[in-house]
Number of protein chains: 2
Amino acid sequence: MPADRPRTLRDVAAQLGVSAKTVSNAFSRPDQLSPALREQVLATAARLGYPGPNPLAAGLRRGRVGAIGVAYDNGLSYAFDDPVAVALLAGASTVAEPEGAGLLLVPGSTDARRRLAAVHSAVVDGLVVCSLGDDDPLLAAAVARGLPLAVVDQPRPARLAALGAPGTPWVGVDDRAAAAAVARHLLDLGHRRLAVVSFGMHQEPIRRGLADEAVQAGATYAVTRDRLAGYRDAVEAAGLAWSAVPVFHGEDSTPAVGEAGAAAVLAADPRPTAVLCLSDRIAEGVLAVAARLGLRVPRDLSVAGFDDATPAGGLGLTTVRQPTREKGGAAARALLDRIAGRPAPGPVLLPTELVVRTSTGPAPRG
Amino acid sequence: MPADRPRTLRDVAAQLGVSAKTVSNAFSRPDQLSPALREQVLATAARLGYPGPNPLAAGLRRGRVGAIGVAYDNGLSYAFDDPVAVALLAGASTVAEPEGAGLLLVPGSTDARRRLAAVHSAVVDGLVVCSLGDDDPLLAAAVARGLPLAVVDQPRPARLAALGAPGTPWVGVDDRAAAAAVARHLLDLGHRRLAVVSFGMHQEPIRRGLADEAVQAGATYAVTRDRLAGYRDAVEAAGLAWSAVPVFHGEDSTPAVGEAGAAAVLAADPRPTAVLCLSDRIAEGVLAVAARLGLRVPRDLSVAGFDDATPAGGLGLTTVRQPTREKGGAAARALLDRIAGRPAPGPVLLPTELVVRTSTGPAPRG
DNA sequence: GATCCGTGCTTCATCGATGAAGAAGCCGGG
DNA sequence: CCCGGCTTCTTCATCGATGAAGCACGGATC
């Protein structure tokens, strides 16, 4: 009998003169032994201070650990500041929790090596990857590990197939059509001088500035590419030249980028009368600058966002609602299905909706 | 040679005619073999499609998995809706991420058995537990597993010692003093008829209603107990009777509870002139009801919150700022220290600060 | 009385990797 | 020429639990 707390089933088994497997069954398969013996085993285990079956060892043997991972393009600390990312996690947890599955937030890093190491060493049954660039090695690493995957937003299904992960469940929206809808809304209001403030085009290099058409088309973030293409569709359908629309892009989806973008595009003369933002958080920054410049919204300037995340409603922001929570939920669901060997759905395209609030109005005359 | 992808180091080793340990070293301890051989091993592994060392098996052997868990009193899906919980996670991730540690969100459940099972089966190196009731079996389960712990808010250090976890790192604020400060602020403004809207007293049973002094003192949530005691300190110091202050309590920290509470306490005649809320989210609900009733804030009614979380600023809410992010960060830091065998700090008491905004003002005359 | 079956428990091999310790080869120093 | 020490790689045991298959026994069945 071990002097201190027994660490293994074996120790407890020896104490009782039964087999290790029986102790294991007492904990994990109550139907495999008589209730009396089970009680006795559990009581002895408790008395000796046995911590219970080691989940790591059990996981190794079973090939299942009861947790799914979530990997982001950006770091975790960023994720928690972004209402969209939080909503996604909320959705995923709503699905995972009732199934008893934990959610492992995979640490990000600016260092590519460490970022990949985190994916290699994540102890999970599967991975939800969110918003990766077309050529992000993180996805390749996950595929190489043979982990069941579910992808949110990007890469797009076609790209996934090219990356050797065909049939991977995918959840997203029609970014292009949605973006076209907001742009059309502004064009219908008579706006002719538009500007765009976007988040990043690529994971690397991180850069800010105006993006010409070649840069836009070369974006490795499919979401960025497609939303810009959607704006362009609407602009050209209205008979305007896309090349005349300044597109500022920052590195991520933050008010800071919105502020920088607003400063850049609103300095032009003549000033744009409407700014299309690739996210609500960017729009938040644009609104802040507009206020600082003394521009009345929407009388002097119309601003539209994307996402309909907190606090778009409070700001009166016209935007595109996308069901972010549902995206997270659908991805988690698909992943859990895959893990359980149930048939997982193909690409899931969720609906979007233009939400018109008070930040957009008729173009000013002249 | 295995027909399909090799699954183990051994397979790769056999292919190359080296030992399994060498392949292991090629991945995990580059300094333990010649660069040339390492290259060769990695190339072969890649060629064969070996997924890399299984993190589960490595974790078992090493006794370390590179992730810390976070367990909540409430479910995950609730956590993501509460800005305070999100801020806590943000803080924890800010600390864990640079260390390469993942964050496992342990699934909650209303079913006690499943809740404990989740703690038993969490594959983590340690656990941050947040805001548990004094007698929550979840804590006992974590202690029984022998997991390194760090506790946020509650149970209090004294209680932890009683539960067999003395010396467990603890992070929190002086809830009682902070609550007294807000209450004093209102009393100083001349308010004499106060009311309180609180969140839960116990994990179970979940119940709403007015809580008399016995119920308040018997709360198993130390945070609830202490904040109420703080209010009481200030009220009695002002020469008023605490028993005359209606204390409504709901189950959790949501606007819905605030609305129910407001409906209950504002129905009294004479009406309270000030409502103290145990959280900003509750205050949010109270403000909504006040608006619905046509009460002007702060002219007819003063409302104070607690936390200074989103969107307290936007609402102009007077509240107590507590450094929630830092709480999460400090807890994660302490836990990682413990896991690494570094000396962990004793109880960490973070500062709070009264933040006066526009939701509180002088008591109406008469 | 022989056969069959289900219950309750055991044995055995295995999940996949890594720490500790040991054995070759190579080097320089005495 | 021999020895100690370093590098590089190997062997061996082990981390802790569980699936699959097997054995023993009591009761039902014919």
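Below, chain A is the first sequence line, B the second, and so on; all start at residue 1.
The side chain of B:Tyr50 contributes an N or O atom lying less than 4.0 Å from OP1 or OP2 of C:dA17. Contact annotation: B:Thr8 does not reach the phosphate of C:dC15 (side-chain N/O to OP1 or OP2, under 4.0 Å). At the phosphate of C:dG19, OP1 or OP2 sits under 4.0 Å from a side-chain N or O atom of B:Arg29.
Between A:Leu105 and B:Ser93 the shortest side-chain heavy-atom distance does not fall below 4.5 Å. At least one side-chain heavy atom of B:Leu335 sits under 4.5 Å from a side-chain heavy atom of B:Pro148. A 4.5 Å side-chain heavy-atom check between A:Leu103 and A:Ile68 finds at least one atom pair inside the cut-off.
Straight-line distance from the CZ atom of B:Arg7 to the C1' atom of C:dG16: 10 Å, rounded to whole Å. Across the protein-nucleic acid pair, A:Asp11 atom CG and D:dA17 atom C1' stand 12 Å apart, rounded to whole Å. The separation between A:Leu56 atom CG and D:dC15 atom C1' is 9 Å, rounded to whole Å. Rounded to an integer number of Å, the gap from CD of B:Gln40 to P of D:dT8 is 15 Å. One can place CG of B:Leu9 at 4 Å from P of C:dA17, the figure rounded to the nearest angstrom. Going from atom CZ of A:Phe27 over to atom P of D:dA17 covers 9 Å, rounded to whole Å.
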Heavy-atom protein contacts under 4.0 Å, nucleotides 6-14 of chain C, coded B base, S sugar-phosphate only, - none: ---SBB-BB

Trace of the ring pair (Phe, Tyr, Trp, His ring centres under 6.0 Å) decision for B:Phe27 with B:Tyr50: CA-CA 12 Å; B:Phe27 282 98; B:Tyr50 171 66; 5.6 Å; yes

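Using a cut-off of 4.0 Å between Lys/Arg side-chain N and Asp/Glu carboxylate O, B:Arg115 and B:Asp136 are scored as salt-bridged.
A:Leu139 contributes atom CG, which lies 6.0 Å from atom CG of A:Leu160 (distance to the nearest 0.5 angstrom).
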